[in-house]
**Q** 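My questions all concern the structure below.
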Amino acid sequence: MRPILAALYATALLILGSPPAAQAQVSLDPSFVNDGRETVSFDLDTAATDRAMRVFPTVNGGFLLVGQASNGSGLYSLALTRVFPVGLDPSFGNEGRRTYGLGLSQVADVAQDHQGRPLVAWHAANGTNDIDVFVVRLNADGSRDISFGADKGIASFGLDAVDELLSLAVGPNDEVYALLRSRPSNGGVWATRVVALDANGLNLKSVLIDIMPEQGSGAIAWSQGRSALLVGYTSDLGSSCGLVLAQVRPRLVNGALTLTATSLSATSLNGLNGSCAGARVTSVAAIPGNEGALVAGHREDPASPGSGRQHGLMLRWVNNDNSNFGTIPPLPPADELRISAVAIDTRGRILTAGTAYNSAASTQRFSLRRYLNNLGNDTSFNAGSPEITTSFATANGLDSALARAADLRVVGTRILVAGAMRFAGPNDDDFAVAAFTTPDAAPVFSDGFEN
């Protein structure tokens, strides 16, 4: 054999016989601010209780964090900040921050329409001292969009004497949907309803979904595949609490918009009674490419009834099949997992963001997990583990022992988890966001087209 061919042959044998290269793992994104993590403080009062509730992409590669900040004894402000991978955007508001006083009200939920405009909902007393849900639409720069609603950028969802918002979402034409529970008086029965406003914040419509238990919860999301709003919620099934998936489809009847509700699935949460006090639905997501849905949240550990410890809860529903359903235990050293958001990455894989609690060490950390389609753990995500967790550095350079995740957003190959972190002493909560990346997160291409 000629020397050159022998060398090539030896090289080929070496390649074929070599063990596979180590698999790339998820990690904090080093190109994002402080090695993948950033905190933002508002500190409008001495309590300094600031928490981000949602994170959204903005133009030019930025991210908008929206939440609330304490503003005096029992008072709150809507708080927004815009972050770029290099840090706060100084052109946004005052040094990257904007706030609006809400008085005694707290932010209930936040959504973003297709033009990048945030919609923020809160509860407040109306003119007759009933409790209504109000929503304001902001422009992309954080200023109020006075073209929305009947009151200079503000609209309301007023149905009964007491209305509480559970979740907010936007439809394909920027119409606004809200999942409410409402009752005629403080002692009445809670009814679960979906209400809708058009893109101008007008023409209120509603449809009854179900009767909701006193401790009920729920979330909504628009499904392009079903051309309908997905609704996940807890319900009293009689002898147990149930996890229910429904849809609300808008349609025109004689020229007028109507909402039609249809139940899709109901699953019993064994070990929990009809009050549903031990379970919470926090997030719903449509599965791209089909008409399926994901419903996520948390429930009391079924192995330790009465303990109050929460485990993750998830349902994957596709083609009328709800068999992919189960409880997701925390991974040691955590002994509690509360899932706050669910999403699909660029390759169709299931992600959840939540808070991992370690009661022995008195710590709370952001948790990001990835799952197989059958909800099994995807151990290829992080060196044999389906999870990566993180905390946040405080002013003294040490990690905060307390961080709570609230939202999850997949933007290209970057995965963002947003929430709050707390200084150990004195108590001081700040907005917190962590950016993760995985080398295998890039979309799959075939024949030049993304699949």
Side-chain angles (χ1 to χ4, degrees), residues 22-30 34-39 51-52 271 278-280 282-283 296-314 326-343 349-372 375-408 415-425 427-430 432-438:
Q23 191 166 20
Q25 307 297 332
V26 64
S27 65
L28 285 166
D29 183 352
N34 297 311
D35 291 326
R37 301 179 296 182
E38 176 68 317
T39 61
R51 62 186 182 98
R280 184 169 180 81
T282 57
S283 183
H298 45 86
R299 60 154 296 170
E300 186 177 64
D301 177 5
S304 302
S307 67
R309 287 197 301 269
Q310 297 287 298
H311 284 194
L313 177 67
M314 188 144 57
T327 301
I328 300 168
L331 296 178
D335 53 11
E336 189 170 356
L337 174 65
R338 300 191 181 210
I339 293 175
S340 53
V342 63
R349 296 168 299 199
I350 303 168
L351 297 167
T352 62
T355 305
Y357 296 76
N358 180 347
S359 59
S362 299
T363 62
Q364 299 169 196
R365 295 172 64 90
F366 277 17
S367 162
L368 176 66
R369 293 179 69 154
R370 197 167 77 186
Y371 309 84
L372 305 173
L375 303 188
N377 289 327
D378 184 350
T379 55
S380 69
F381 187 51
N382 186 24
S385 172
E387 180 183 53
I388 184 172
T389 68
T390 190
S391 57
F392 290 82
T394 61
N396 60 9
L398 300 177
D399 275 357
S400 165
L402 301 173
R404 291 169 294 142
D407 197 22
L408 168 66
I415 304 166
L416 290 107
V417 180
M421 59 81 70
R422 169 168 290 187
F423 289 93
N427 288 344
D428 180 358
D429 290 9
D430 287 348
V433 60
F436 300 90
T437 185
T438 57

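Heavy atoms only: backbone and side chains are in, while hydrogens, waters and symmetry mates are out. All of these numbers come straight from a predicted model, not from anything done at the bench.
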**Q** Only one of Leu408, Ile388, Val417 forms a side-chain contact (heavy atoms from CB on, under 4.5 Å) with Phe366, so which one is it?
**A** Val417

**Q** Any idea which heavy atoms bring Ala406 and Ala52 closest together, and the distance?
**A** CB-O, 3.6 Å

**Q** Got a second to check how far Arg51's CZ is from Asp430's CG, nearest 0.5 Å?
**A** 14.0 Å

**Q** Could you list the residues that satisfy side-chain hydrogen bond (donor to acceptor under 3.5 Å, both in side chains) with Ser359, not counting sequence neighbours?
**A** Asp335

**Q** Going through the distances and angles, do Ser27 and Thr437 end up as a side-chain contact (heavy atoms from CB on, under 4.5 Å)?
**A** CA-CA 6 Å; Ser27 65; Thr437 185; 4.1 Å; yes

**Q** Nearest 0.5 Å, what's the CD1-CD1 distance between Ile339 and Ile328?
**A** 4.0 Å

**Q** Does Ser367 have any side-chain hydrogen bond (donor to acceptor under 3.5 Å, both in side chains) partners at least two apart in sequence or in another chain, and if so, which?
**A** Glu387

**Q** Any sub-3.5 Å donor-acceptor pair from Thr352's side-chain atoms to Val342's backbone N or O?
**A** no

**Q** With Arg404, which residues qualify under side-chain hydrogen bond (donor to acceptor under 3.5 Å, both in side chains), at least two apart?
**A** Asp429

**Q** Going by the rule side-chain contact (heavy atoms from CB on, under 4.5 Å), which residues pair with Ala303 if we only count those two or more places apart in sequence or in a different chain?
**A** Asp301

**Q** Quick one: does Arg349's side chain get under 4.5 Å of Phe381's, heavy atoms only?
**A** no

**Q** Can you check whether Gln310 reaches Pro330 side chain to side chain, under 4.5 Å on heavy atoms?
**A** no

**Q** Do Thr390 and Phe436 make a side-chain contact, defined as non-hydrogen atoms from C-beta onward lying under 4.5 Å apart?
**A** yes

**Q** The criterion is side-chain hydrogen bond (donor to acceptor under 3.5 Å, both in side chains); which residues satisfy it with Thr389, sequence neighbours excluded?
**A** Arg365

**Q** Once rounded to the nearest 0.5 Å, what's the spacing between atom OG1 of Thr355 and atom NE2 of His298?
**A** 8.5 Å

**Q** Consider side chain to side chain donor-acceptor pair (under 3.5 Å). Of Thr379, Asp378, Asn382, which one does Arg370 pass it with?
**A** Asp378

**Q** Nearest 0.5 angstrom please: Ser304 OG to His311 NE2, how far?
**A** 7.0 Å

**Q** Keeping to residues at least two apart or across chains, list the salt bridge (charged side-chain N to carboxylate O under 4.0 Å, His left out) pairs with something in residues 302-313.
**A** none

**Q** Measuring only between side-chain heavy atoms, which start at C-beta, is Arg369 closer than 4.5 Å to Leu337?
**A** yes

**Q** Just how far is it from atom CD1 of Ile415 to atom CG of Leu28, taken to the nearest 0.5 Å?
**A** 11.0 Å

